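Note sheet for the following structure.
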Amino acid sequence: MAEDYAIKFDHVSKIYTLKSKKGKKKTKKRFYALHDVSFEIPKGEVVGILGTNGSGKSTMSTVLAGISEANEGKMYVNGEQALIAINTGLDMQLTGLENIELKGALLGLRKHEIDKITEGVIEFAEIGDFLYQPVKKYSSGMKSRLGFSINLCLDPDILIVDEALSVGDRAFAKKCMKRMTDLKEQGKTIVFISHSLNQVRNFCDTAIWLEGGELQMYGPIETVADCYSTYVEGLNNLSKKRKKILQDRKFERRTLKEDNRSLFERLFN
């Protein structure tokens, strides 16, 4: 029996090592970008990821896309996933055309399949002769256009969009939203990360709220969006001093000194 979920997080944690120097002694801390996160996204669901700056949204997007591996826990995926984010997956030294061909080759596509994708990218991206220029010469908006177009034309089962519509012109953003709406109607699974709460409300069915690297809520879009909006409003009403205290507490909660790890962890990690 086939699984009915697209993505499943089972107690997933993503940990980075932070180095600091106090006096003459160098110390190391483990920082939990994500900590003990569990959820299950059904196939065909359109879920928004909400959270303030530094909450772990972009880290989650790279783990969801399979670009970054979890340090703890397990992620299960049913289907081919693709991440659309500024610069992600693009080789700055190659031309736009060479990036399309490289992406296709890495996926094991045949030449006629790559040619078909190339036609679709040229039509959708609308970047003209820049297709034959190195990506390092592109503006942020043009990189977004190219990355978005490549991944759309590859037609993945699971689309992960991380702030890809935050740069570039409104006309292209509108065009992308229309295309994603078409994919939504086709039953594709879409994970949508955006700072625009209204955009998330209007496009998504459900939402995940991350804060401090931890899952706060996962449920119907209006319920989660309302709770998140109330939280942000409360944050904005705090004094600068209270915000700093809260930020420091969040950071401390997400770090562990290296010496606090078990002997096994220190020897083998």
Side-chain angles (χ1 to χ4, degrees), residues 16 33 46 48-49 53-54 57-69 77 79-184 186 188-196 199-200 203:
Y16 296 108
V46 179
I49 308 293
N53 288 334
K57 301 190 300 299
S58 289
T59 297
M60 177 174 281
S61 73
T62 59
V63 175
L64 284 168
I67 294 171
S68 179
E69 291 187 2
V77 179
E80 187 74 36
Q81 73 267 51
L83 172 64
I84 300 178
I86 306 303
N87 297 344
T88 300
L90 296 176
D91 187 318
M92 297 296 111
Q93 304 305 315
L94 299 180
T95 67
L97 181 61
E98 288 168 340
N99 268 282
I100 300 169
E101 294 171 342
L102 176 62
K103 185 77 171 181
L106 289 173
L107 291 174
L109 300 181
R110 296 178 180 178
K111 187 179 183 305
H112 74 274
E113 294 173 314
I114 295 174
D115 290 342
K116 185 177 180 180
I117 289 170
T118 302
E119 290 175 12
V121 172
I122 292 172
E123 181 183 349
F124 196 90
E126 297 177 347
I127 58 175
D129 289 341
F130 272 95
L131 187 71
Y132 310 104
Q133 301 299 316
V135 172
K136 64 183 178 181
K137 294 184 178 181
Y138 287 20
S139 66
S140 294
M142 290 176 64
K143 290 172 188 173
S144 177
R145 280 173 173 261
L146 179 64
F148 206 108
S149 302
I150 290 174
N151 285 296
L152 282 178
C153 292
L154 287 171
D155 196 30
D157 303 301
I158 303 164
L159 199 61
I160 301 150
V161 184
D162 185 2
E163 298 293 348
L165 302 182
S166 60
V167 297
D169 59 87
R170 290 184 181 180
F172 185 71
K174 186 176 180 180
K175 182 179 180 179
C176 291
M177 286 302 300
K178 184 181 184 305
R179 176 60 177 144
M180 288 198 299
T181 299
D182 292 340
L183 293 173
K184 177 181 178 179
Q186 292 172 23
K188 297 284 186 179
T189 304
I190 302 174
V191 179
F192 188 65
I193 302 168
S194 174
H195 280 300
S196 172
Q199 209 172 50
V200 174
F203 183 64

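Excluded from the calculations below are hydrogen atoms, water molecules and symmetry mates; all remaining heavy atoms, backbone and side chain alike, are included. The structure displayed is predicted, hence computed values, not measured ones.
- Not counting sequence neighbours, K174 has no partner by the side-chain contact (heavy atoms from CB on, under 4.5 Å) test.
- Across every non-hydrogen atom of S58 and D162, the tightest pair is OG-OD2, 3.1 Å.
- Under the 4.5 Å side-chain criterion, counting only non-hydrogen atoms from C-beta, L90 is in contact with I150.
- Not one N or O on the side chain of E80 forms a donor-acceptor pair closer than 3.5 Å with the backbone of I158.
- Inter-residue side-chain proximity for F203 and I190 is flagged as met; some heavy-atom pair is nearer than 4.5 Å.
- Residues F172 and S149 meet the side-chain proximity criterion, which asks for heavy atoms closer than 4.5 Å.
- Legend: residues meeting side chain to side chain donor-acceptor pair (under 3.5 Å) with E98, ordered by chain and number and at least two apart, are T95.
- The closest side-chain heavy-atom distance from F124 to K175 is below 4.5 Å.
- You'll find the side chain of V135 reaches within 4.5 Å of the side chain of K143, heavy atoms only.
- Shown here are the side-chain contact (heavy atoms from CB on, under 4.5 Å) partners of Q93, two or more places apart in sequence or in another chain: D91, K136.
- Residues satisfying the side chain to side chain donor-acceptor pair (under 3.5 Å) test with T59, not counting sequence neighbours, are none.
- Residues passing the side chain to side chain donor-acceptor pair (under 3.5 Å) test with S196, sequence neighbours excluded: none.
- Using a 4.5 Å heavy-atom cutoff, the side chains of T189 and L159 are not in contact.
- K137 is linked by a side-chain contact (heavy atoms from CB on, under 4.5 Å) to Q133, P134, counting only residues two or more places apart in sequence or in another chain.
- S194 pairs by the side chain to side chain donor-acceptor pair (under 3.5 Å) definition with Q199, not counting sequence neighbours.
- Under a 3.5 Å cut-off, the side chain of N151 and the backbone N or O of L83 do form a donor-acceptor pair.
- Of the possible donor and acceptor atoms, none in the side chain of Y138 sits under 3.5 Å from a partner among the backbone N and O of R145.
- Among residues two or more places apart in sequence or in another chain, the side-chain contact (heavy atoms from CB on, under 4.5 Å) test is passed with D155 by L183, K188.
- Side-chain atoms of E69 and V63, non-hydrogen and from C-beta on, never get closer than 4.5 Å to each other.
- Counting only residues at least two apart or on different chains, the side-chain hydrogen bond (donor to acceptor under 3.5 Å, both in side chains) pairs with a member in residues 110-122 are K111-D115.
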